2 protein chains.
Amino acid sequence: MGDDYIVQPVIKALQVLEYVARQGRDVTLTETVHELGLPKTTVFRYLQTLSAANYLEHDVGRDRYRVGRKFRDMARVDQDLTGLRQVAQPEMRKLVDTFHETVNLAVLTDSQVVYIDMLEPDARALKASARVGYRHPAHSTSLGKAMMAFLPDADQRLLAEGMLSQMTFRTLTDAGQLRRQADDVRRRGYAIEIGENEDGVMCIGVPILDRSGYPVAAMSLSAPERRMKPELTTVAADALKGAARRISTNLRSNFSR
Amino acid sequence: MGDDYIVQPVIKALQVLEYVARQGRDVTLTETVHELGLPKTTVFRYLQTLSAANYLEHDVGRDRYRVGRKFRDMARVDQDLTGLRQVAQPEMRKLVDTFHETVNLAVLTDSQVVYIDMLEPDARALKASARVGYRHPAHSTSLGKAMMAFLPDADQRLLAEGMLSQMTFRTLTDAGQLRRQADDVRRRGYAIEIGENEDGVMCIGVPILDRSGYPVAAMSLSAPERRMKPELTTVAADALKGAARRISTNLRSNFSR
DNA sequence: ATCAAACGTCCCATCATGTGGGACAGCGTC
DNA sequence: GACGCTGTCCCACATGATGGGACGTTTGAT
């Protein structure tokens, strides 16, 4: 099939990248040239380009190339997210099967909540408004509140005092009020949000903490407001907290942020 | 400085790759286009190209792209080697300071020993012949023998029955002889090689095993034959074994091969 | 100390090929 | 049934990737 649509420079540059990465040590231009059988000038340019993009690092003094920062960062992010999702998946499944409501998994990026996974009950007619990949403000979602409450004080303040957009008429846009809520959340271990992000929808959110207590992600159960009776809320919150705790302990100890 | 020598297609393709990896989920063509602000056709080609190179994976059914096998493999290899070297470094340092001879670290690739690190004593005039990145046959080095002896039987046989090149007049080129030596090595915990790889140079090699007992690497002390008295050999072998054991336990439990 | 081989950088003319607008078909949606 | 959105495909154009070769510097050998 799509053997057209292949961009030659990209393929060749990736070969160079791969060669460097496979060695696990600093390599020289000529060595790479010999190994790959490409023209010297070409390889030279690719090494420069890859270095400029920080996929490689150019040790100017010794004229050697090695794997760079950007590559490692990307690998780390990928690993963390993949691991998180794998560990969270069975717990999310259980929650969905128990409560028959949508369960979300999200991380915090630039004061926004980014959904990285989502499980929906088959039978319900009402579908979730968010999709995997969507973003919502941190301050208007239970996910965001749950994470915010467990952030170091400086980060928390930064978030609360950022731009607090009004999503619905119920959205809290006062920094002080948000910070007071955060205290409650920390005490209770979960956050609640009722129609603050979207009319008629309520969410219960819990943080997923790494070993050091940092909120690397959050999980929420989201349901139509009228379906969520107060006593059910408590039960669901407890279930979420339990699930989050199990996910935390199952996370690779070296989840990095 | 080198802002020339930048190959545009490569830069742009890497942006696409980065975007996909950062999401930690399956992305669509259009979404990527919107995010990066590049022409649709261009992004399309890059996604195809990256997929063809297995840096991405193209879920044809759902027309989504996600991080691919090759990317993860490279990340893993890089992590493992970097980790190995970091953990091994202080132990190698100690060995060099104790014996004032060259200490090597190597892994096995395609029946060849690849040096991934090397520490030399400052004062000695005689320099090691190998360099980081160089390759030697597995069967003519103590490093190779040390690893071979702890390989699963099938792999071991494969190595012993491959091409056994004659490096010096002492090099063993008989498969049976090599396999018998392997038994000794496994019993003693270290391998010795005297002038089999290079005239006048002897090496003592020990394997570095992961939790499952697989030899992920080997470490050797290499010295001029005449400097290595028999009783010193025993002392050095013990020191090497101890160092290797400590490296093994310090290796991240998830060293993968 | 001397010289040769090897290495990284740079230049430049050539033309392959990357480019992106636009068209098209398939699909889900209102 | 029509619209809008998606991914795929086509094509003419000129950008810019290309690679041979030259140059200055370093490395290593004698």
Side-chain angles (χ1 to χ4, degrees), chain A residues 1-17 19-20 23 25-53 56-66 125-129 131-134, chain B residues 1-17 19-20 25-53 56-66 120 125-134 198:
Chain A
M1 34 216 262
D3 273 10
D4 323 314
Y5 307 121
I6 301 288
V7 182
Q8 251 36 278
V10 175
I11 292 285
K12 289 188 249 171
L14 292 178
Q15 284 174 24
V16 172
L17 176 62
Y19 174 72
V20 177
Q23 305 312 306
R25 61 189 172 85
D26 303 5
V27 303
T28 65
L29 166 61
T30 341
E31 176 199 342
T32 312
V33 168
H34 277 78
E35 186 67 24
L36 298 181
L38 295 171
K40 187 168 52 161
T41 315
T42 304
V43 175
F44 175 61
R45 261 191 298 253
Y46 289 154
L47 286 170
Q48 293 284 324
T49 304
L50 290 165
S51 300
L56 293 182
E57 183 182 339
H58 185 194
D59 183 336
V60 186
R62 300 174 45 241
D63 252 308
R64 302 291 161 100
Y65 298 86
R66 66 176 75 97
L126 280 163
K127 287 276 186 155
S129 60
R131 289 279 163 79
V132 171
Y134 280 27
Chain B
M1 37 216 260
D3 274 8
D4 321 315
Y5 307 121
I6 301 289
V7 182
Q8 247 70 2
V10 175
I11 291 285
K12 290 189 247 170
L14 292 178
Q15 284 173 24
V16 172
L17 175 62
Y19 175 73
V20 177
R25 62 191 171 84
D26 303 6
V27 303
T28 64
L29 166 60
T30 343
E31 176 200 342
T32 312
V33 168
H34 277 79
E35 186 68 23
L36 298 180
L38 296 169
K40 187 169 54 162
T41 314
T42 304
V43 174
F44 174 61
R45 261 192 298 253
Y46 290 153
L47 286 171
Q48 293 284 324
T49 305
L50 290 165
S51 300
L56 293 183
E57 183 183 337
H58 186 192
D59 182 337
V60 186
R62 299 174 46 242
D63 250 308
R64 303 290 161 99
Y65 298 86
R66 65 175 76 98
E120 298 183 357
L126 280 162
K127 287 275 185 157
S129 61
R131 288 281 163 81
V132 171
Y134 280 28
E198 190 186 352

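Not measured: the values here are computed from a predicted model. So you know, we letter chains A, B, ... as the sequences are listed, proteins then strands, and number each from 1.
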At their closest point, which heavy atom of [X] faces which heavy atom of [Y], and how far apart are they?
{"X": "A/Arg25", "Y": "A/Tyr19", "result": "NH2-OH, 4.0 Å"}
{"X": "B/Gln48", "Y": "A/Ile6", "result": "O-CD1, 4.3 Å"}
{"X": "A/Ile11", "Y": "B/Ala53", "result": "CD1-CB, 4.2 Å"}

Tell me the interatomic distance from [X], atom [atom1], to [N], atom [atom2], rounded to whole angstroms.
{"X": "B/His58", "N": "D/dT8", "atom1": "NE2", "atom2": "C1'", "answer": "11 Å"}
{"X": "A/Glu35", "N": "C/dC7", "atom1": "CD", "atom2": "C1'", "answer": "18 Å"}
{"X": "B/Tyr5", "N": "C/dT9", "atom1": "OH", "atom2": "P", "answer": "8 Å"}
{"X": "A/Arg64", "N": "C/dC7", "atom1": "CZ", "atom2": "C1'", "answer": "11 Å"}
{"X": "B/Asp26", "N": "D/dG7", "atom1": "CG", "atom2": "C1'", "answer": "16 Å"}
{"X": "B/Ile11", "N": "C/dG18", "atom1": "CD1", "atom2": "P", "answer": "16 Å"}
{"X": "B/Phe44", "N": "C/dG21", "atom1": "CZ", "atom2": "P", "answer": "16 Å"}
{"X": "B/Leu38", "N": "C/dT19", "atom1": "CG", "atom2": "P", "answer": "9 Å"}

Would you be so kind as to tabulate the donor-acceptor pairs closer than 3.5 Å made by side chains of residues 32-40 of chain B, with sequence neighbours excluded?
| from | atom 1 | to | atom 2 | distance (Å) |
| --- | --- | --- | --- | --- |
| B/Thr32 | OG1 | B/Thr28 | O | 2.8 |
| B/His34 | ND1 | B/Thr30 | O | 2.9 |

Taking only residues two or more places apart in sequence or in another chain, which ones pass ring-ring contact (aromatic ring centres under 6.0 Å, His included) with A/Tyr46?
-> none
Salt bridge (Lys or Arg N to Asp or Glu O under 4.0 Å) with A/Arg64: which residues, sequence neighbours excluded?
-> none
A/Asp63: salt bridge (Lys or Arg N to Asp or Glu O under 4.0 Å) partners, not counting sequence neighbours =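 None.
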Once base and sugar-phosphate atoms are separated, protein heavy atoms under 4.0 Å mark nucleotides 25-30 of chain C, 5' to 3', with B, S and - as ------
What does nucleotides 18-30 of chain D look like as a protein-contact string, B for base, S for sugar-phosphate only, - for none, at under 4.0 angstrom between heavy atoms?
-> BBBBB-----S--
Any donor and acceptor pair, going by atom type alone, linking the side chain of A/Thr49 with main-chain N or O of B/Gln8 inside 3.5 Å?
->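 Such a contact is absent between A/Thr49 side chain and B/Gln8 backbone.
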Check each of B/Glu57, B/His58, B/Glu31 against B/Tyr65 using the side chain to side chain contact (heavy atoms under 4.5 Å, CB included) test, and report the only one that passes.
-> B/His58
